Number of protein chains: 2
Amino acid sequence: MGAGVPNADQRLDARDLAILELVQRNADWSHGEIGRQIGLSVSAVNDRIRRMVAAKVIRGWTADLDPGALGLHLLAFVNVLIDRAELIPAFAERIAAYPEVQECHHLAGDWNYILKVRVPTTAALENFISCELKEKLKVSRTATTIVLRSLKDSPALPIMNGGAAR
Amino acid sequence: MGAGVPNADQRLDARDLAILELVQRNADWSHGEIGRQIGLSVSAVNDRIRRMVAAKVIRGWTADLDPGALGLHLLAFVNVLIDRAELIPAFAERIAAYPEVQECHHLAGDWNYILKVRVPTTAALENFISCELKEKLKVSRTATTIVLRSLKDSPALPIMNGGAAR
DNA sequence: CCTGAAAGCAAGTCGGG
DNA sequence: CCCGACTTGCTTTCAGG
């Protein structure tokens with residue numbers, strides 16, 4: 001990939017941002033309905049969306065599922081420490097393949113990684129930490145925090161329309 | 001099953017789960033293409049998706065956007081402590097309204113909440129923590145961890161197809 | 001780059017098995 | 001509960017300003 005700023009040539013204007021704000025909240029609206037809400041024709045909306053998909057600003061379209069309906073009643077954040085540096089590449093390569101790991105972020109701080117993990121039960125969590133993380137992936141230490149309730153859990157990104165104040 | 005199980009009557013079979021796995025990865029496939037992949041007719045796929053939307057198993061449809069393309073170059077997890085219990089309801093009521101807060105989870109452990117926060121710069125993060133969290137929302141203490149790199153950051157949920165092994 | 005009309009295609013609705 | 005044809009509506013394209 002090129003050096004520097006990856007979106008230097010993307011030039012999203014206020015109408016693009018308005019479209020993004022709408023489609024990340026409800027991708028099911030027709031292009032006509034989007035156009036009506038922001039004062040644009042159907043074709044213009046279509047063009048802009050196509051361009052943003054091509055530019056990878058829009059990476060894809062997904063269904064938003066209810067974890068509880070799928071039996072995923074437990075959400076936890078697992079901090080991960082790996083003592084020996086030579087074990088980190090293997091961990092980094094394999095951790096993303098676990099479906100119960102929704103997120104894995106490399107951290108600046110006391111821990112190497114933080115994982116967002118969704119499982120049905122505490123038994124499944126224990127199995128994941130003991131067997132997968134510690135045994136297979138050679139994680140030295142973990143610190144797990146159980147989520148009691150999610151007040152907000154949205155993939156929606158903050159979109160600043162021309163720096164408008166709150 | 002005992003009372004209190006919210007999805008006791010939903011009865012998702014293996015075909016429903018297969019559909020969910022597909023649409024959460026790519027909601028753009030036509031019902032015909034989904035049916036071809038799992039061996040079902042267009043109408044059957046349509047019926048099942050309609051039923052799962054009505055049952056709120058599918059909560060909606062969203063566009064997956066690239067944070068970097070929107071200038072959101074900083075991701076951080078902010079742990080929040082609120083000393084005085086009477087300040088917690090106001091926090092809980094107002095925190096979800098912040099667009100830079102992607103997630104807010106009530107925790108079991110040393111901290112009250114963990115926030116997943118996306119902002120353009122460290123300056124914006126400092127402003128959010130100092131002005132919004134500490135000043136306006138009366139948060140007592142925070143511990144912020146900066147994300148250096150996200151190895152995985154997906155809203156996709158783990159869907160267990162009849163206990164299939166990894 | 002946006003508009004407006006025309007064509008292609010998928011979603012949603014039927015009756016039937 | 002699944003299938004197949006029909007109808008409706010949206011997406012997509014095209015010519016034009």
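The model shown is predicted, which means the values in this text are computed figures rather than measured ones. Numbers restart at 1 for each chain; the letters A, B, ... are given by sequence-line order, proteins then strands. In what follows, every heavy atom counts, from backbone to side chain, and hydrogens, waters and symmetry copies are set aside.
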Using the ring of each side chain (for Trp, its six-membered ring), is Y98(A) parallel, tilted or perpendicular to F128(A), with breaks at 30° and 60°? perpendicular
Over how many whole Å does the gap from I49(A) atom CD1 to dT13(D) atom C1' extend? 16 Å
Name the one of D28(B), T62(B), V23(B) that satisfies side-chain contact (heavy atoms from CB on, under 4.5 Å) with W61(A)? D28(B)
Measure from CD1 on I19(B) to P on dA11(C) and round the result to the nearest Å. 12 Å
Strictly below 4.0 Å: does N46(B) bring a side-chain N or O up to OP1 or OP2 of dG12(C)? yes
What residues 32-43 of chain A contributes to the DNA chain D interface at heavy-atom separation below 4.0 Å is V42(A), S43(A)
Dot-bracket for DNA chain C: what is it, with Watson-Crick or G-U pairs under 3.5 Å, [ ] where a pair crosses earlier ones, and | for a pair to another strand? ||||||.||||||||||
Tell me whether E93(A) at atom CD has more than 12 heavy atoms from other residues, nucleotides or ligands lying less than 6.0 Å away. no
For dA11(C), does either OP1 or OP2 sit under 4.0 Å from a side-chain N or O belonging to R50(B)? no
Indicate whether OP1 or OP2 belonging to dC1(D) is found under 4.0 Å from a side-chain N or O atom of R15(B). no
Pairwise 5' ranking along DNA chain C for R51(A) and D28(A), keeping only the more 5' one: R51(A)
Residue H31(A), side-chain heavy atoms: nucleotide from dT12(D), dC3(D), dC2(C) that is nearest: dT12(D)
Does D153(B) come within less than 4.0 Å of R118(B), counting only side-chain N to carboxylate O? yes
Which of dC2(D), dT3(C), dT13(C) is nearest the side chain of A44(A)? It is dT3(C)
Atom pair OG (S130(B)) and CD (E135(B)), whose distance is rounded to the nearest 0.5 Å: 8.5 Å
Regarding E33(B) and H31(B), do their side chains bring together a donor and an acceptor under 3.5 Å, going by distance alone? no
Between dA11(C), dT12(D), dC1(C), which nucleotide gets closest to the side-chain atoms of R48(A)? dC1(C)
Considering the options N79(B), I88(B), D83(B), which one meets the side-chain contact (heavy atoms from CB on, under 4.5 Å) requirement together with N112(B)? I88(B)
Measure CG/D13(B) against P/dC1(D) and give the value in whole Å, please. 9 Å
Regarding D64(B) and R59(A), does a basic nitrogen lie under 4.0 Å from an acidic carboxylate oxygen? yes
Within the side chain of K116(A), is there an N or O that forms a donor-acceptor pair under 3.5 Å with the backbone of C104(A)? no
